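The structure appears right after this line, and notes come after that.
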Amino acid sequence: MKGKLFSVKMRASKEDLHVSGAEAIVEKEFLERTLLSFFKRAMEHKRGEPDFISLKVELLKKGPFKAPLLPVFHTTGKSEELLLKLFSLAGIPSELGLYAYRLLLKGPSPKGDVMRGALILEVPSGRRLEPDKEKGVRASFLGITPHAEAELKKKAGEFYTERLRDALVLTTKVNSYPGVLGELCLSDDPDYTTGYFSIPKLGYFRLFNLKPSGHPKGGRVIFVKEGLEVESFVNFLKKEPFLGVKFPGYLFWGLPENFRR
Ligand code: AMP
């Protein structure tokens with residue numbers, strides 16, 4: 001992707017409640033197509049027809065930083081056991097990791113609600129560093145090149161979804177910041193029980209049945225090392241444009257060797 005790049009964002013709500021959202025970074029020639037597909041996505045969302053849709057187009061003033069997406073691991077096994085293994089791989093004490101997981105299940109805002117953004121947890125102190133404890137921090141200016149998206153679709157095959165693509169782009173950006181140890185995500189969509197844990201340079205581990213079906217709580221926790229400068233990190237998450245440029249592979253973890261792709 002050369003030439004001018006634009007950030008496109010969509011946000012839709014009904015009676016002030018969030019219905020759907022999406023974003024992309026595209027070249028000028030793809031603007032119209034992206035806007036139309038975001039508009040359709042907002043109108044056809046299963047949470048109901050929105051009464052408010054915002055579509056925003058912004059020229060990127062600086063080039064995005066580019067990095068390959070993390071490889072995706074399709075796991076099998078009990079989520080809590082897998083989580084413990086992954087926390088250990090990421091250098092996160094298991095009690096702190098499990099505390100974060102239970103916090104997401106309970107609703108991570110001080111009132112026990114779902115947050116709009118992520119919370120930032122310092123390791124090993126367990127201090128919450130996000131400046132706004134109600135809303136958290138939202139990672140933004142996220143994109144994927146058409147080539148990387150095609151690679152992801154091909155390699156993930158039947159497991160490809162737009163949700164996987166968007167989460168992979170988001171978490172690759174989050175994990176590229178020095179001092180990040182990993183990220184845990186649990187959707188707040190009651191019908192979507194698949195979550196993930198991701199580790200810098202290592203991968204994005206899909207965790208199935210990470211919460212009971214019908215459970216309306218979830219969120220994101222970014223684990224960081226002590227000494228991370230919070231203001232710069234938050235600024236990076238919110239403002240620095242990111243483009244995923246390659247997809248290394250969709251692999252199976254926890255299954256016999258001959259089942260691997
Ligand atoms: P979702 O996977 O879209 O169901 O989102 C799960 C949770 O992740 C939400 O409840 C938010 O707390 C958090 N979240 C969603 N989008 C973002 C984002 N762009 N940046 C940071 N956190 C997010």
Side-chain angles (χ1 to χ4, degrees), residues 7-13 17-25 38 41-42 45-47 50 54 56 58 64 69-70 72 79 100-121 128-144 160-177 180 182-198 204-224 230 233-244:
S7 152
V8 186
K9 291 182 185 159
M10 179 276 282
R11 184 163 57 87
S13 58
L17 289 175
H18 174 78
V19 172
S20 71
E23 67 169 286
I25 292 175
F38 280 5
R41 215 155 130 178
H45 202 277
K46 67 175 192 288
R47 281 190 203 162
S54 149
K56 188 164 149 188
E58 228 176 307
L69 296 162
L70 288 169
V72 177
S79 322
Y101 171 49
R102 291 185 186 128
L103 193 63
L104 294 186
L105 283 171
K106 186 167 77 73
S109 90
K111 289 188 204 132
D113 293 328
V114 166
M115 290 160 72
R116 286 204 61 232
L119 63 99
I120 304 174
L121 205 63
R128 278 176 74 158
L129 303 181
E130 71 281 9
D132 185 332
K133 305 278 180 294
E134 295 284 341
K135 294 196 183 116
V137 183
R138 278 186 75 80
S140 193
F141 290 100
L142 308 162
I144 180 170
Y160 174 84
T161 59
E162 285 183 351
R163 207 194 270 263
L164 169 68
R165 177 198 62 199
D166 295 349
L168 180 60
V169 172
L170 186 155
T171 204
T172 302
K173 177 180 175 187
V174 168
N175 277 293
S176 68
Y177 197 82
V180 170
E183 190 213 352
L184 175 64
C185 172
L186 193 56
S187 177
D188 54 66
D189 179 340
D191 301 329
Y192 193 70
T193 59
T194 305
Y196 68 79
F197 185 75
S198 54
Y204 170 112
F205 297 82
R206 303 189 81 185
L207 299 164
F208 299 93
N209 306 311
L210 196 56
K211 69 173 191 178
S213 177
H215 189 76
K217 302 278 173 83
R220 280 183 156 89
V221 181
I222 304 172
F223 296 88
V224 300
V230 184
F233 181 46
V234 169
N235 194 52
F236 164 84
L237 290 175
K238 287 181 165 173
K239 308 259 171 71
E240 189 78 34
F242 168 76
L243 206 50

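First listed ligand is number 1; within each ligand, the first listed atom is number 1. Note that the structure is a prediction, hence the values are computed from the model and not measured.
Taking 4.5 Å as the limit, some side-chain heavy atom of K173 sits within range of a side-chain heavy atom of F236. Considering only heavy atoms from C-beta on, C185 stays 4.5 Å or farther from T171 through its side chain.
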Just list the N/O pairs, ligand 1 to protein, that are under 3.5 Å apart, with the distance for each.
residue, atom, partner, partner atom, Å
ligand 1, 4 (O), S187, OG, 2.7
ligand 1, 4 (O), D188, N, 3.4
ligand 1, 5 (O), R220, NH1, 3.4
ligand 1, 8 (O), R220, NH1, 3.0
ligand 1, 10 (O), M115, O, 3.3
ligand 1, 10 (O), D188, OD2, 2.4
ligand 1, 12 (O), M115, O, 2.6
ligand 1, 12 (O), G117, O, 3.0
ligand 1, 14 (N), R220, NH1, 3.4
ligand 1, 16 (N), R138, NH1, 3.4
ligand 1, 19 (N), A139, O, 3.0
ligand 1, 20 (N), A139, N, 2.8
ligand 1, 22 (N), A118, N, 3.3

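Between the CG atom of L170 and the CG atom of L237 there is a distance of 8.5 Å, given to the nearest 0.5 Å.
Applying the side chain to side chain contact (heavy atoms under 4.5 Å, CB included) test between V224 and each of I120, L121, V230, V174 identifies I120 as the sole match.
D191 and R163 are not joined by a salt bridge, as no carboxylate oxygen comes within less than 4.0 angstrom of a charged side-chain nitrogen.
Sorted by first then second residue, the side-chain hydrogen bond (donor to acceptor under 3.5 Å, both in side chains) pairs that include residues 205-217, not counting sequence neighbours, are R206-Y250.
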